[in-house]
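One structure below.
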Amino acid sequence: MQNQGSEQISPHSSFEMLDKLHFSLIEFQAASTSQSEPCWRLGKHFLESYMLIFAANGEGWLTIDGQFIELRSGAFYIGLPGQLVEAAFQGKDKCGLYLMKFNVTFVGELLGTSIQEMMKQIYMQSNASEISCSSPAAVRLLCQDIEELIRCAEGLKRYYGQIRFQELLYVMFSDMLHVGTQETILPVEQVKHYIEQHHMEKITIQDMAEAARMSSRHFMRLFKKRYGCSAVDYLTIYRIKQAQIMMQNDHSLKLKEIATCVGFSDEMYFRRKFKQISGLPPATFIRNSKQRIAAVHPLAIGTLLALQVIPCAAGANHPWTAYYRRKYETDKVTPLVDTEDGALQQLEAIRPDYIVAVREEMSHNMMQHLSSLAPVCVLSQLDGDWRHHLRTAAECLNRSAAAEVWLQRYEQKAAALRSQLSEQILVDTLLVIRIQEACIHIMGPQTIASIFYTDLQLKAPEGIEHIWQKRQLHMSDLSDLAHLSIDRALVIVGEDAASRQTWNELSHSGIWQATRAAQQDSISMMHPGVLLEDTAFTHDLMLDEVLNMWHHRP
C-alpha cells in the first residue's frame with residue numbers, strides 16, 4: 001500500500017521509472033499436464049514475492065484476493081506480494097502455462113512510493129491483472145528458452161536465463177503500455193489489436209464488429225479500406241504468421257498441435273490456408289526452416305526476412321531492432337565479424353547450406369572462398385531494385401512462390417494506404433532527405449524513398465533528378481534546392497550531435513524557410529535506423545510507419 005502523504009505517481013510515469021528497478025527471477029515453473037494428471041493446480045497461499053503467469057495454451061482460472069479471473073490463452077497475469085492466490089489450469093499440450101516468481105528492488109529514492117504500489121499502478125493500466133500479449137507464439141518460445149537456461153548446470157547459462165527474463169518483462173511492459181494508448185486510435189485499429197490478442201480463440205465477424213462498436217457491414221468496409229484485406233483474411237494471415245514462428249523455432253511440434261495453438265480447429269483447413277498465405281505447404285516450410293542460410297551483407301538480411309528465413313549468420317554490426325529481437329530470435333544468429341578472414345573462419349565452422357551475398361561488397365578472394373563452402377546467391381546493388389533482389393534470392397533458394405505471394409500482399413497493402421491519403425498529400429510535392437553528420441542525402445527512387453515515389457506514386461519536386469544523381473549535398477550546396485517547389489518534406493536525422501547540428505542549420509537557413517513545407521509546417525520527422533535499408537522487409541515496415549505518420553494529416 002502507498003504510504004500516507006506520499007506522492008501519487010501516474011501509470012505512465014511509473015513506466016518511465018522502470019530503468020531504476022532491478023528484477024530477479026527466483027523460481028520458474030512450467031506447468032505440465034498429462035493424461036493421468038490433466039489439470040495443474042496452485043493451492044491457495046499468500047505470495048511472498050511477485051508472481052507472473054503466462055498462459056500459453058489451454059484454459060483455467062485464477063483468484064487474486066478473492067477476485068475470480070478466467071485464464072485466457074496468450075495473456076500475462078500478475079500477483080503482488082501479500083496477495084492471496086489460487087489457480088487451476090488445463091493445458092492443451094505438455095507446457096500450456098508458465099509460472100515465474102521474482103523479486104524487485106529499486107536503485108535510488110522512490111519519492112515515498114513503495115515498489116509494490118508502483119508495480120500495482122503499472123499493471124492497473126491494463127485490464128485488472130490480465131495483460132494481453134501481442135505475440136503469444138514468440139513469448140511461448142521465449143519462456144521455453146528461459147526454462148532451459150534457468151535449469152542449466154552452467155552458471156553462465158543461468159545468468160543468460162535472467163537476461164532472457166528481462167526481455168520477457170520488456171515484452172510484457174510494452175504490451176501493457178500499448179493498452180494505455182488504445183483510446184487515441186481508431187476503432188478498426190483497436191479491432192486489429194483485438195484480433196492479435198484473441199487469435200487463438202474462435203472469433204466471428206460479429207465479435208469484431210462489437211469490439212469496434214459498429215455494425216458488421218460498416219466494420220467490414222472500414223477494415224478493408226484501412227488494411228487492404230478483410231478482417232477475416234487479416235485474422236488468418238496473423239494466425240499463419242504465428243504458426244511460422246513456432247515452426248521456425250521448434251521442429252518437434254506436430255502440425256495438429258501448431259494448428260490448434262494458433263486458432264485452427266481443422267488441420268486440413270490449416271494446411272490449405274498455410275499454403276495459400278505462405279506460398280509453401282507446411283511440410284515444405286518446416287523443411288526449409290531447417291536450412292542454414294547465411295547473410296553476409298545487410299541487404300541480404302531484409303531480403304531473407306521477407307521470405308520467412310531467419311539467417312543463421314549475419315553481420316555483427318547490423319543495427320538489429322527490438323522488432324527483430326522479439327520476432328526473430330536473433331540470439332540464435334551467429335554475428336559475423338567485419339574482416340573477410342574472420343567471417344570466413346566463422347562460416348567454415350557453421351557450414352551453411354546457402355550463402356546470400358552482395359557482389360559489390362566482396363573481393364574476388366572472398367567470393368572464391370564462399371563458393372567453396374556452399375552455393376552462393378549473389379545480389380547486386382547495381383542490378384535492379386528490391387523486388388528484383390527478392391525474386392533473385394527466392395529463385396536461388398527455391399522459394400519463388402513465397403516471394404510472389406509476399407509481393408502480391410505488399411502491393412495490396414500499398415494500394416490500400418494510397419487510397420487513405422488525403423487528396424492534398426497526393427497532389428503535393430514531397431522531398432525526402434536524410435541527414436548524417438555534415439551530409440544531406442536527397443533520397444530518390446533508388447533508395448527506401450521509392451516507397452513514396454514508386455509504390456505510393458507521390459510527386460517529387462520538378463527538376464530534382466540532377467540532385468538525385470549527386471546523392472548528397474552539404475550546407476554550401478543549398479542553392480541546388482532553391483529552385484525546387486517543396487510542398488512537404490520527410491526528414492530523417494541521425495542521432496549524433498553533428499547530424500542534429502546540420503539539421504538545425506538547414507532548418508534555419510533562408511532557402512529552407514522559403515519553402516512551402518517550412519512555411520506551412522508540413523515537415524514530418526522519422527527516426528533513423530534499419531527502416532532506411534532498401535529491402536523488401538523494410539519496405540513493408542515502412543508502409544506501417546507512413547500509415548501512422550500521415551493517416552490523420554491533411
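The first residue of the sequence shown is numbered 1, and numbering continues consecutively from there.
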[X] side chain vs [Y] backbone, donor-acceptor pair below 3.5 Å:
X: E360; Y: V358; value: no
X: S419; Y: A416; value: yes
X: T447; Y: M443; value: no
X: H218; Y: M214; value: no
X: R409; Y: I277; value: yes
X: R399; Y: N288; value: yes

Does one side chain, of R391 or H388, offer a donor that lies under 3.5 Å from an acceptor on the other?
no
T502 and S499: side chain donor to acceptor below 3.5 Å
no
If you apply the rule ring pair (Phe, Tyr, Trp, His ring centres under 6.0 Å), what do you find for W386 with Y410, and how did you get there?
CA-CA 12 Å; W386 62 270; Y410 176 86; 5.0 Å; yes
Between R164 and E167, does any NZ, NE, NH1 or NH2 come within less than 4.0 Å of an OD or OE carboxylate oxygen?
yes
Rounded to the nearest 0.5 Å, what's the gap from CD on E201 to CD1 on I203? Could you check?
6.5 Å
I would like to know whether Q166 and Y170 meet side-chain hydrogen bond (donor to acceptor under 3.5 Å, both in side chains); could you show each step before the answer?
CA-CA 6 Å; Q166 308 301 315; Y170 172 78; over 6 Å; no
Taking only residues two or more places apart in sequence or in another chain, which ones pass salt bridge (Lys or Arg N to Asp or Glu O under 4.0 Å) with [X]?
X: E411; value: R387
X: D480; value: K470
X: R418; value: none
X: K413; value: D540, D544

With sequence neighbours left out, the residues meeting side chain to side chain contact (heavy atoms under 4.5 Å, CB included) with Q206 are T204, E210, S216
How far apart are the C-alpha atoms of H389 and S380, what are their side-chain angles, what is the distance that settles it, and do they pass the side-chain hydrogen bond (donor to acceptor under 3.5 Å, both in side chains) test?
CA-CA 8 Å; H389 297 152; S380 173; over 6 Å; no
Pairs in or reaching into residues 269-295: which pass salt bridge (Lys or Arg N to Asp or Glu O under 4.0 Å), with residues at least two apart or in two chains?
E267-R271
Ring-plane angle category for Y98 and F54, please: parallel below 30°, perpendicular beyond 60°, tilted otherwise.
parallel
Smallest heavy-atom separation, S278 atom then Q244 atom, equals OG-NE2, 2.6 Å
In a check of ring pair (Phe, Tyr, Trp, His ring centres under 6.0 Å) between H199 and each of Y238, F264, Y234, which one passes?
Y238
Does the side chain of W468 come within less than 4.5 Å of I464's, by heavy atoms?
yes
